[in-house]
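Report on one structure; see the data block that follows.
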There are 2 protein chains.
Amino acid sequence: MFSIGTLSRHTGVKVPTIRYYEQMGLLPEPERSAGNQRRYTQKGVDRLGFIKHARDLGFAMAAIKSLIDLHEHPDKSCGAATDIAQAQLDNVRQKIARLQRLEHELDRIAQGCDGAGFAADCYVLTALSDHNLCKTTH
Amino acid sequence: MFSIGTLSRHTGVKVPTIRYYEQMGLLPEPERSAGNQRRYTQKGVDRLGFIKHARDLGFAMAAIKSLIDLHEHPDKSCGAATDIAQAQLDNVRQKIARLQRLEHELDRIAQGCDGAGFAADCYVLTALSDHNLCKTTH
DNA sequence: CTTGAACCTCTAGTCGCTAGAGACATTACA
DNA sequence: TGTAATGTCTCTAGCGACTAGAGGTTCAAG
C-alpha cells in the first residue's frame, strides 16, 4: 500500500492533482488508513500512469474517462478508442497548423524592427495596429 | 459614436468580451449615453482592433497591456515591444515543437489499431497503459 | 406609442490544475 | 516512549480568457 505522496513520486503527478482526479471521477476512491489517509495499491499506480500518459498526450479529461471505461471493459469494441485517438490527432494537427501561421507572421513582425528606435516608429506596434500589414490570415 | 454591438460587429470581438477587456483594464471606460449605455469613438475601434490582432497572434493579456502602453507613449524605446514579440515567437515555436512530438506519437498509436477488434486487444489502450511503448518523450 | 432588439450589471461556470489555511496522522530518531 | 518533522486531511479560492444566464432597462423603428 502506497501513501498519496509515494504514488505522486512513482508517477510524477502532484499530490493535489491526484486528489483532483479522484474528485473528478478519473480515479476511484481508494481505501483509507485508520487515520483517514489514502492508501493505494499497484492498480492505483497503473491507473494514474494511464491518466498521466494520456494527459501528456493532450487528451481532455472527458476523453480520458471514456478511454478508462474502455480499458475496464475489454469486451467492448475498440472503435471508440481509435476514434478518440484520431480526434486528438486531428486536434493536434490543427493546432500545429494554426501555430505555424502565427510563427510566420510573428517572425515577420519581429524581424521588421530592431528594437533600437522609439515606439513611434516600431514596426511591431505598427503591424499590430494595422491588420492589412499581415501576409497571412490568423 | 458606436454602440457596443456596432463595435463588436466592426471588430469581430463579442460583446461580453469587450466588457471583459474593459474590466481588465485593456480598454478605457468609454463615455455613456443618457441611459448608461457605452458609446465608443473611432479611437475605441482602433484600440480594440489592436487588442484583437494581438490576441489572434496569441499574446497574453499582460503582454498586450505592455504593448498598448508603448503604443500610447511613442517617445519610449521600442526595445520592450520587440522583446515581447520575440518572447511570443519563442513561445509559439516551443508549442509547435511539443505538439509535433505529440503528433508523431499519436499517429503511431492511432496507426497501431484498426478499431475493429475488442478493447482488450486495442493498441491505443495498450500504448497508454505502458509508457515504454513510446518512441519519444513527451 | 408600442414592440422587440439591444443593452445594463451581476453571478457563476468552463478547464485543469495550483496555492493556502488550519487541523490531524504518521514516521524517524533519541 | 516522547517529540519533532514531515506528510496528509478538507475546504476554499485563484489562475487565464472568456462564456452563459438571470433579471432588469434603454433604444430605435414603425
Side-chain angles (χ1 to χ4, degrees), chain A residues 1-27 29-40 44 48 50-68 84 87-88 91-92 95 98-99 102 138, chain B residues 1-27 29-40 44 48 50-68 84 87-88 91-92 95 98-99 102 138:
Chain A
M1 300 291 259
F2 312 95
S3 71
I4 197 169
T6 310
L7 178 60
S8 170
R9 257 166 272 128
H10 273 47
T11 56
V13 178
K14 287 179 190 161
V15 168
T17 306
I18 297 172
R19 288 196 278 250
Y20 172 72
Y21 286 163
E22 179 186 325
Q23 211 186 324
M24 294 297 105
L26 285 191
L27 286 172
E29 294 185 15
E31 286 182 47
R32 300 280 183 143
S33 72
N36 198 37
Q37 299 193 352
R38 289 168 180 82
R39 290 295 176 260
Y40 296 91
L48 185 54
F50 184 100
I51 294 168
K52 165 134 175 62
H53 196 178
R55 284 294 303 136
D56 285 349
L57 286 167
F59 286 93
M61 289 178 57
I64 298 177
K65 261 190 200 176
S66 305
L67 290 171
I68 287 174
I84 290 169
Q88 176 60 12
N91 199 335
V92 165
K95 278 187 183 159
R98 169 154 197 277
L99 285 171
L102 298 195
H138 39 257
Chain B
M1 302 290 259
F2 311 94
S3 72
I4 198 170
T6 310
L7 179 61
S8 172
R9 257 165 273 128
H10 273 48
T11 56
V13 179
K14 286 181 192 160
V15 168
T17 306
I18 297 173
R19 288 196 277 250
Y20 171 71
Y21 287 163
E22 180 186 324
Q23 211 186 326
M24 294 298 106
L26 285 190
L27 285 172
E29 294 186 14
E31 288 183 46
R32 298 282 182 141
S33 72
N36 197 36
Q37 299 192 354
R38 289 169 179 81
R39 291 294 175 258
Y40 296 91
L48 184 53
F50 184 101
I51 294 168
K52 165 126 173 66
H53 196 177
R55 283 295 302 133
D56 285 348
L57 286 166
F59 287 94
M61 288 179 57
I64 298 177
K65 262 190 200 177
S66 306
L67 291 170
I68 286 175
I84 290 170
Q88 176 59 14
N91 200 333
V92 165
K95 278 187 184 159
R98 170 155 197 277
L99 285 171
L102 298 196
H138 39 255

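Values in this document were obtained by computation on a predicted structure and should not be read as measured data. Within every chain, numbering begins at 1; the chains are lettered A, B, ... in the order of the sequence lines, protein sequences first and strands thereafter.
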Within the structure provided, determine whether [X] and [Y] are in side-chain contact (heavy-atom separation under 4.5 Å).
{"X": "A:Arg32", "Y": "A:Arg38", "result": "yes"}
{"X": "B:Thr6", "Y": "B:Arg9", "result": "yes"}
{"X": "A:Ile68", "Y": "A:Lys65", "result": "no"}
{"X": "B:Ile18", "Y": "B:Tyr40", "result": "yes"}
{"X": "A:Pro30", "Y": "A:Glu22", "result": "yes"}
{"X": "B:Gln88", "Y": "B:Val92", "result": "yes"}

Practice task
For B:Ala60 and for B:Ala34, locate the closest nucleotide of DNA chain D by heavy-atom distance; then report the residue assigned to the nucleotide nearer the 5' terminus.
Solution key: B:Ala60
Problem - 5′-ward residue of the pair B:Ser33/B:Met61 relative to DNA chain D - result: B:Met61
[N] phosphate, OP1 or OP2, under 4.0 Å from [X] side-chain N/O:
{"X": "B:Arg19", "N": "C:dC8", "answer": "yes"}
{"X": "B:Arg38", "N": "C:dC7", "answer": "no"}
{"X": "A:Thr17", "N": "C:dG16", "answer": "no"}
{"X": "B:Tyr21", "N": "D:dC18", "answer": "yes"}
{"X": "A:Ser3", "N": "D:dT8", "answer": "yes"}

Given atom [atom1] of [X] and atom [atom2] of [N], what is their separation to the nearest angstrom?
{"X": "B:Lys14", "N": "D:dA17", "atom1": "NZ", "atom2": "C1'", "value": "12 Å"}
{"X": "A:Leu48", "N": "C:dC17", "atom1": "CG", "atom2": "P", "value": "11 Å"}
{"X": "B:Met1", "N": "C:dC7", "atom1": "CE", "atom2": "P", "value": "14 Å"}
{"X": "B:Leu7", "N": "C:dA6", "atom1": "CG", "atom2": "P", "value": "15 Å"}
{"X": "A:Ile18", "N": "D:dG7", "atom1": "CD1", "atom2": "C1'", "value": "13 Å"}
{"X": "B:Arg9", "N": "C:dA5", "atom1": "CZ", "atom2": "P", "value": "13 Å"}
{"X": "A:Leu27", "N": "C:dC17", "atom1": "CG", "atom2": "P", "value": "12 Å"}
{"X": "B:Ile51", "N": "D:dA17", "atom1": "CD1", "atom2": "C1'", "value": "13 Å"}

Handout entry: First of B:Gln23 and B:Ile4 reached from the 5' end of DNA chain C, by closest nucleotide
Key = B:Ile4
Practice task
For A:Phe59 and for B:Arg32, locate the closest nucleotide of DNA chain C by heavy-atom distance; then report the residue assigned to the nucleotide nearer the 5' terminus.
Solution key: B:Arg32
Go through [options] for me and flag the one nearest to the [X] side chain.
{"X": "A:Val15", "options": "C:dT18, D:dT8, C:dC8", "value": "D:dT8"}
{"X": "A:Tyr20", "options": "D:dA17, C:dT18, C:dT26", "value": "C:dT18"}
{"X": "A:Gln37", "options": "D:dT19, C:dG16, D:dG7", "value": "D:dG7"}

Problem - Touch class at under 4.0 angstrom, heavy-atom based, for B:Met24 against every strand present - result: nothing
